[in-house]
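Protein chains get the first letters and strands the later ones, always in sequence-line order, with residue 1 at the start of each.
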2 protein chains.
Amino acid sequence: MSRLPTVTDVAEAAGVSRQTVSNVLNAPDRVREATRERVSKAIEELGYRPHASARRLRTQTSSTIGIRLDPVSDGISGSILDRFLHALTEQADAVGLRVLLYTALGADDEIRQLARLVDGADVDAFVLTSTYYGDPRTDWLIERGQRFVTFGRPWGINDMTDPAHAWVDVDGRDGVRQATEHLLEAGHRRIGYIGWPSGSGTGDDRHGGWAETLRTASVPDLDGLVERAEDSVSAGTAAMRRLMSRNPGLEAVVTASDGLALGALVAASGTTPVVGFDNTPVAASLGFSSVDQQLTAVASGVLELLTDSTNGPRHRLIAPELVVREETLR
Amino acid sequence: MSRLPTVTDVAEAAGVSRQTVSNVLNAPDRVREATRERVSKAIEELGYRPHASARRLRTQTSSTIGIRLDPVSDGISGSILDRFLHALTEQADAVGLRVLLYTALGADDEIRQLARLVDGADVDAFVLTSTYYGDPRTDWLIERGQRFVTFGRPWGINDMTDPAHAWVDVDGRDGVRQATEHLLEAGHRRIGYIGWPSGSGTGDDRHGGWAETLRTASVPDLDGLVERAEDSVSAGTAAMRRLMSRNPGLEAVVTASDGLALGALVAASGTTPVVGFDNTPVAASLGFSSVDQQLTAVASGVLELLTDSTNGPRHRLIAPELVVREETLR
DNA sequence: TTGTAGGCGTTATCAT
DNA sequence: ATGATAACGCCTACAA
C-alpha cells in the first residue's frame, strides 16, 4: 500500500503546475484543451483521486450528511427507515454526498452527538426522523443555523411552512384514502379501520383518510368500525377480533401499518380483505395489499431540500401509492 | 454560525502554545498537571473540538469504516443486516470510529466504490457482508493491503483461518442444533426441516445442525423430513404443505429463516410448533421461537478484529441463542 | 492560460 | 515541560 498520488505528482507527470491540475478538476473551462487532456491522462495513469480530508479542510465543507440510525425497532415496519436510508445513500452518492451514521440514546444524548459532529466539522447537514413540535433537536439545529431536513412533518407547529424547518413527509391521509376507495370499488361498504391510539399526528392523519372517504360514501355508524391498538401483530389480532365481534357484517379492513394488518389477517384467517400500510416485505411475501410510502421519492425530496439554496418551498408532501395484491393467507 | 474555535484560540486563551494544547489532547503525560488543567478549562470554555478533517489530513487516518448498505432485501429477514449495522454503529462510536455508508450495484461496481473510498482516504477499513470464496472484492482488498473484516465465513476456501481474511460469523449449525434439541426435549420426534436449496455454505451448515441432532437421537428416515425452498413466506407455506402431506405424523418443524417459519405456520394454522431463525421482529410479534444471531456480539467481534493488530486469531465464530416462545398463531 | 504564494487546523520532530 | 517549525494535500486569490 504505497503512498497515494497527490496533485504534485500529477503536475510533475504532466509537466504543469499543481494549480493547473486543480483547475482541470474544478474549473475545466480555464484550461486549454491540449493541457487538459495531458493532465487528464496523467491523472488516469497515476490513478490520482483528490484526498477528501484535505479538500474538506481547505473548503470547510464535509459533503457529508449525518443520520441517526434508530435503535432496533420492534415493530414489523421497522424496515421503513432502513429502506429510506438505503434510498438516501444511493441518491446521495449521485450528488456527491456521503452518509455518516450515528446513534443516540434519547434526545439529550442526540444533541450531544449532533454537537460532536458539527464541532468536528464531520458533517454539514442532518436528516432527522420522527420529529415533533418543540423537538429540542430541531430547536438546537435552528438556533445554530445548521442545515437539516426532517423526514416527517413537525406536527403541532402553527406554521408548517416555516422555512426554518425543512421537511419531507408522506401523505398518509391520501394513502389510506386510496386504500379505502379501493375496497369501496371492490364492492365493500362495511370497511373497518384499525389504527393507533389517537394523539399522534401521523396516526390521526391516516385515520382521517379513512373516515373522510367513508363519510363521503355515506357509510353509517363509523364509530363502531374503528379500533385502536399499539403497533404490533398481536395487538392487531386482538383489535380485529373485537372489530369482528362488534360488526358481524364486517367486509374489509384498512390498517395503519403492516404489523396491524398481519395481526388482522391472522384473526380473520384470511377470509376478510385487509389492507396494510408501508408495503413491507411481509406484505409482499404474504401477498396482501399495502400502501407504499415511496421512499425513493422521499429521499430525493430530502436531498433536494438539502442542496437547494433557492427560495422555493422548504417542504415536500409525497403522494404514496397503493400496491394491490390478492390475499393468500387462507 | 460563527467560526469554530481552533487550537490557536485555545492556546491563546490558556497562554500556551498550540503544541501544548495538542499534547493535552493526545499525550497528557507530557504536560504538567497545572498547565493541563488550565488548557482543559480553556477547551471547555471555548467549546473547542478538534477539526476532524484536519486531524485526518495530518495523521493520514480517517477513523472511519465503510460498509455497504445492500439494496432493499425482499425477504422478511432483511432486517438482520440493519440490526447488525445498528449494533456496529453504536459500538464503533465507543472506540472512536465512524461508520460511512455506500451502495453499489454488483461486485464490479462495488470495487469501484471501494477504490473511491480508499483513494479519497475517506475510509481506512471495510466491513463486508455475504462474501464467498473467490469473491473479487476480498481479493481486491487483500491485494492492496486494505484492512477489512467480513460478516460471514469465506465458504469454500481451503484454509478458513487464513489471517489475510478476517471474518466473524454466527454458528448456524449450532443454532439449528439448539432449536432441534429444544423440540426433542419437548417430546417431539418427527421433526421436519425446511431449508434453502443446497449449495450455499450457510444453508448447508444449518441443515447439518438439524440432521446431526436427529441422527444422534436415532430418528429414522431423515430424508423424508426435509424440504427445500427459496427464502420467502409463500415458498415456506408450499414447503410445509408438501412436508405435511408426506409426513402425516409430523410433530414439529425447524426452519432456516423466520420467513420460512412464518410460511410454515400459516400452512399449519399454528397447530404445529415451528422454530425460525434470525429472531426477527416478526417472530417476536407472532410469538414463535427463533434462533437469535447475537448481532451485538458479531459487531463487537468485527470491531475487535478491525482494531486489534495483535497476532491473535483473525476470526470469531459466535454462538447464537435460541429464544423460546409459545406460538400464538392459532 | 498558467504559475506563485499562502493558509485551512492539526500533529511530529526537534530544539530549548 | 514547553515551544518553534514544518508538513499533511488541497484550493483560492493574485500575479505573470
Side-chain angles (χ1 to χ4, degrees), chain A residues 1-40 42-43 46-63 96 116-122 124, chain B residues 1-40 42-43 46-64 96 116-124:
Chain A
M1 204 175 57
S2 59
R3 210 176 103 282
L4 260 33
T6 75
V7 267
T8 311
D9 299 324
V10 176
E12 273 176 18
V16 297
S17 77
R18 294 182 314 195
Q19 182 47 33
T20 304
V21 177
S22 177
N23 281 339
V24 169
L25 265 51
N26 305 309
D29 319 337
R30 302 199 169 278
V31 68
R32 200 171 41 191
E33 174 77 22
T35 326
R36 194 171 59 219
E37 274 178 15
R38 201 149 37 93
V39 172
S40 300
I43 289 178
L46 272 63
Y48 164 78
R49 209 114 34 162
H51 189 289
S53 289
R55 169 177 278 170
R56 297 210 268 261
L57 173 59
R58 178 60 232 233
T59 60
Q60 299 287 38
T61 85
S62 66
S63 298
R116 279 187 12 156
L117 292 170
V118 169
D119 294 350
D122 259 320
D124 45 33
Chain B
M1 204 176 56
S2 59
R3 210 176 103 281
L4 260 32
T6 75
V7 267
T8 309
D9 300 324
V10 177
E12 272 176 18
V16 296
S17 78
R18 293 183 315 204
Q19 184 49 35
T20 303
V21 177
S22 174
N23 283 339
V24 168
L25 263 52
N26 304 309
D29 318 337
R30 301 199 166 279
V31 66
R32 200 171 42 193
E33 174 76 23
T35 328
R36 195 171 57 218
E37 275 178 14
R38 202 147 39 91
V39 172
S40 300
I43 289 178
L46 272 63
Y48 164 78
R49 210 115 33 163
H51 190 288
S53 289
R55 170 175 277 173
R56 296 211 266 265
L57 173 58
R58 179 61 234 231
T59 60
Q60 301 286 35
T61 85
S62 66
S63 298
T64 302
R116 277 186 15 155
L117 292 170
V118 169
D119 293 350
D122 259 321
V123 148
D124 44 34

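Per the geometry, CD1 belonging to A:Ile43 stands 10 Å off P belonging to D:dC10, to the nearest Å. We find that CG of B:Leu46 is positioned 14 Å from P of C:dG9, with the value rounded to whole Å. Rounding to whole angstrom units, CG of residue B:Asn26 and C1' of C:dT11 are separated by 7 Å. A straight line from CD of A:Glu12 to C1' of D:dG9 spans 14 Å, rounded to a whole angstrom. Rounding to whole angstrom units, CG of residue B:Asp9 and P of C:dC8 are separated by 11 Å. Protein atom CG of A:Leu25 is 7 Å distant from nucleotide atom P of D:dC11, rounded to whole Å.
With values rounded to the nearest 0.5 angstrom, A:Glu12 atom CD is found 10.0 Å from A:Leu46 atom CG. Within the model, atoms CZ of B:Arg58 and OG of B:Ser22 stand 9.5 Å from one another, a figure rounded to the nearest 0.5 Å. Here the CG atom belonging to A:Leu57 is positioned 6.0 Å from the NE2 atom belonging to B:His51, to the nearest 0.5 angstrom. Atom CG of residue A:Leu25 and atom OH of residue A:Tyr48 lie 5.5 Å apart, to the nearest 0.5 angstrom.
The side chain of A:Ser22 places an N or O atom within less than 4.0 Å of a non-bridging phosphate oxygen (OP1 or OP2) of D:dC11. Residue A:Arg56 places none of its side-chain N or O atoms closer than 4.0 Å to OP1 or OP2 of D:dC10.
In this view, B:Ser63 satisfies the side chain to side chain donor-acceptor pair (under 3.5 Å) rule with no residue, not counting sequence neighbours. The salt bridge (charged side-chain N to carboxylate O under 4.0 Å, His left out) test applied to A:Arg49 returns B:Asp119, not counting sequence neighbours. Annotation: salt bridge (charged side-chain N to carboxylate O under 4.0 Å, His left out) contacts of A:Asp122 (sequence neighbours excluded): B:Arg56, B:Arg98.
Among residue pairs with one or both ends in residues 26-36 of chain A, those qualifying as salt bridge (Lys or Arg N to Asp or Glu O under 4.0 Å) are A:Glu33-A:Arg36; sequence neighbours excluded.
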How does each nucleotide of nucleotides 1-8 of chain D score, in 5' to 3' order, for protein heavy atoms under 4.0 Å: base (B), sugar-phosphate only (S), or none (-)?
SBBBBBBB
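Summary for the helix from C:dT1-D:dA16 to C:dT16-D:dA1: the axes at its two ends, each from 5 pairs, differ by 40° when rounded to the nearest 10 degrees.
Closest non-hydrogen pair, B:Val16 versus B:Val39, comes out as CG2-CG2, 4.0 Å.
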